[in-house]
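Inspection log for the structure reproduced underneath, given as structure tokens.
We count residues from 1, following the sequence as given. Quick note: numbers below take in every heavy atom, side chains included, and nothing from hydrogens, waters or symmetry partners.
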Amino acid sequence: MEKANWSSPVAGFIILGLSDHPGLEKIFFVLILLMYLMILLGNGVLILVTILDSRLHTPMYFFLGNLSFLDICYTTSSVPLVLDGFLTPRKTISFSACAVQMFFSFAMAGTECVLLGMMAFDRYVAICNPLRYPVVMSKAAYVPMAVSSWAIGGTASVVHTSLTIQLPFCGNNVINHLACEILAVLRLACVDISINVISMGVTNVIFLGVPVLFISISYVFIIATILRIPSAEGRRKAFSTCSAHFTVVVIFYGTLFFMYRKPKSKDSLEDNKEDLSDKLIPLFYGVVTPMLNPIIYSLRNKDVKSAVWNLMSQKCFTR
């Protein structure tokens with residue numbers, strides 16, 4: 001086959017969004033816009049207080065700050081386009097812009113998978129080895145842990161985005177999705193995508209299987225340690241330090257397992273058909289989860305609420 005036959009003539013894509021359900025577009029526009037504003041506010045406040053309040057300069061809040069920044073980056077890379085698509089049926093997007101969006105969405109998801117595992121290790125050390133916590137989770141340890149999370153997620157995204165954009169699309173440029181999501185774009189390829197399916201399966205193991213296994217083992221030791229605490233008050237306090245992280249893990253990984261539980265083969269993708277639920281589940285992950293993270297994990301925390309109150313008091317007094 002000549003090289004020209006493998007080049008993609010597609011200059012851009014048309015994103016269908018919810019054009020098949022026009023009655024839902026205005027409703028979801030208002031809901032997603034409100035959620036996006038809450039994401040920016042909640043995560044932005046969390047980042048601000050973790051930087052300005054010296055009492056929050058600990059590994060746990062450092063990871064939380066990274067998680068909040070990650071959620072803002074992820075939603076900002078996709079939500080504005082989704083909102084625009086609700087107002088503009090069959091929204092067009094350039095090939096390069098679609099590639100950038102695929103990269104950021106996959107990179108942020110991969111980074112959060114690894115970061116949640118790092119946070120589980122932090123809770124494990126804090127509860128199971130509290131005396132060694134300052135040594136094990138020193139700044140020389142937790143900063144490289146966070147950096148490696150971003151590096152691993154970014155590297156995996158480069159690989160998958162590169163494999164996707166090199167595929168020929170043979171003029172088929174209608175994405176039956178809310179945004180440029182990798183699995184949705186793979187539906188448009190007019191060649192065998194076995195390499196993409198295999199690489200996606202390997203990635204599922206690395207970013208879903210391994211972190212979930214690590215988190216599960218960590219919580220087995222955490223629960224065993226907590227149950228050995230003699231006082232009920234001590235057990236309650238120990239559980240409270242982990243309950244928020246556990247809730248975030250269940251919501252995040254539960255949604256991802258639904259999204260990527262089975263990479264579709266070329267035969268199942270070629271019709272480019274997608275149920276409404278297949279669009280709304282990624283939307284749930286992309287908007288609802290980042291909105292809930294600061295509420296579940298941080299804004300209910302006494303230290304964070306105290307830091308927010310102090311910050312607001314200082315602003316009022318300066319005026």
Side-chain angles (χ1 to χ4, degrees), residues 42-43 46-73 108-153 206-229 234-254 256 289-290 292-307:
N43 289 286
L46 179 58
I47 294 173
L48 190 62
V49 296
T50 55
I51 294 175
L52 298 180
D53 197 314
S54 59
R55 295 173 300 176
L56 301 183
H57 292 174
T58 63
M60 183 179 74
Y61 293 110
F62 176 77
F63 287 130
L64 285 175
N66 274 263
L67 184 63
S68 294
F69 180 70
L70 186 152
D71 286 338
I72 290 177
C73 290
M108 297 303 105
T111 300
E112 188 160 353
C113 287
V114 181
L115 190 61
L116 288 174
M118 301 293 186
M119 296 167 77
F121 178 75
D122 172 73
R123 292 299 85 203
Y124 162 77
V125 178
I127 293 177
C128 299
N129 296 282
L131 296 180
R132 297 192 60 194
Y133 183 77
V135 176
V136 176
M137 295 302 298
S138 64
K139 188 173 183 179
Y142 67 76
V143 172
M145 288 169 65
V147 172
S148 64
S149 300
W150 288 90
I152 293 172
I206 295 175
F207 287 100
L208 295 178
V210 174
V212 167
L213 179 62
F214 180 79
I215 292 171
S216 300
I217 294 174
S218 298
Y219 271 100
V220 168
F221 286 102
I222 288 173
I223 293 174
T225 301
I226 292 176
L227 293 177
R228 290 197 297 266
I229 299 176
R235 290 193 297 269
R236 187 190 66 80
K237 289 183 178 180
F239 272 120
S240 66
T241 63
C242 301
S243 60
H245 175 263
F246 182 77
T247 304
V248 169
V249 167
V250 170
I251 295 175
F252 177 80
Y253 280 107
L256 277 186
T289 304
L292 292 178
N293 280 350
I295 298 174
I296 295 174
Y297 211 137
S298 304
L299 297 183
R300 292 171 55 189
N301 183 287
K302 292 181 179 180
D303 294 334
V304 174
K305 288 194 291 187
S306 176

Quick one: [atom1] on [X] to [atom2] on [Y], what's the gap to the nearest 0.5 Å?
X: Leu46; Y: Ile295; atom1: CG; atom2: CD1; value: 11.5 Å
X: Thr225; Y: Phe221; atom1: OG1; atom2: CZ; value: 8.5 Å
X: Ile51; Y: Leu56; atom1: CD1; atom2: CG; value: 11.0 Å
X: Ile152; Y: Ile206; atom1: CD1; atom2: CD1; value: 9.0 Å
X: Cys73; Y: Asn43; atom1: SG; atom2: CG; value: 10.0 Å
X: Asn66; Y: Ile47; atom1: CG; atom2: CD1; value: 8.5 Å

Sequence-distant partners of Arg235, salt bridge (charged side-chain N to carboxylate O under 4.0 Å, His left out), two or more places apart: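 With sequence neighbours excluded, Arg235 shows a salt bridge (charged side-chain N to carboxylate O under 4.0 Å, His left out) to no residue whatsoever.
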Are [X] and [Y] close enough that some pair of their side-chain heavy atoms sits under 4.5 Å apart?
X: Phe246; Y: Val250; result: yes
X: His57; Y: Ser54; result: yes
X: Ile251; Y: Ile296; result: yes
X: Asn293; Y: Glu112; result: yes
X: Val114; Y: Phe207; result: yes
X: His245; Y: Val249; result: yes

Exceeds 12 heavy-atom contacts within 6.0 angstrom, atom CZ of Phe69: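 No, because the 6.0 Å sphere around CZ of Phe69 holds 12 heavy atoms or fewer from other groups.
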Minimum-distance pair of heavy atoms, taken over all atoms of Cys113 and Pro211: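 Answer, listing the atom of Cys113 first, then Pro211: O-CB, 3.8 Å.
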Nearest non-hydrogen partners of Thr50 and Gly65, listed with the distance: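 The answer is OG1-CA, 4.4 Å.
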Full working for side chain to side chain contact (heavy atoms under 4.5 Å, CB included) between Tyr61 and Val49: CA-CA 10 Å; Tyr61 293 110; Val49 296; over 6 Å; no
Enumerate, atom names and distances included, each donor-acceptor pair closer than 3.5 Å involving a side-chain atom of residues 118-145, sequence neighbours excluded.
unit_1, atom_1, unit_2, atom_2, d
Asp122, OD1, Tyr133, OH, 2.5

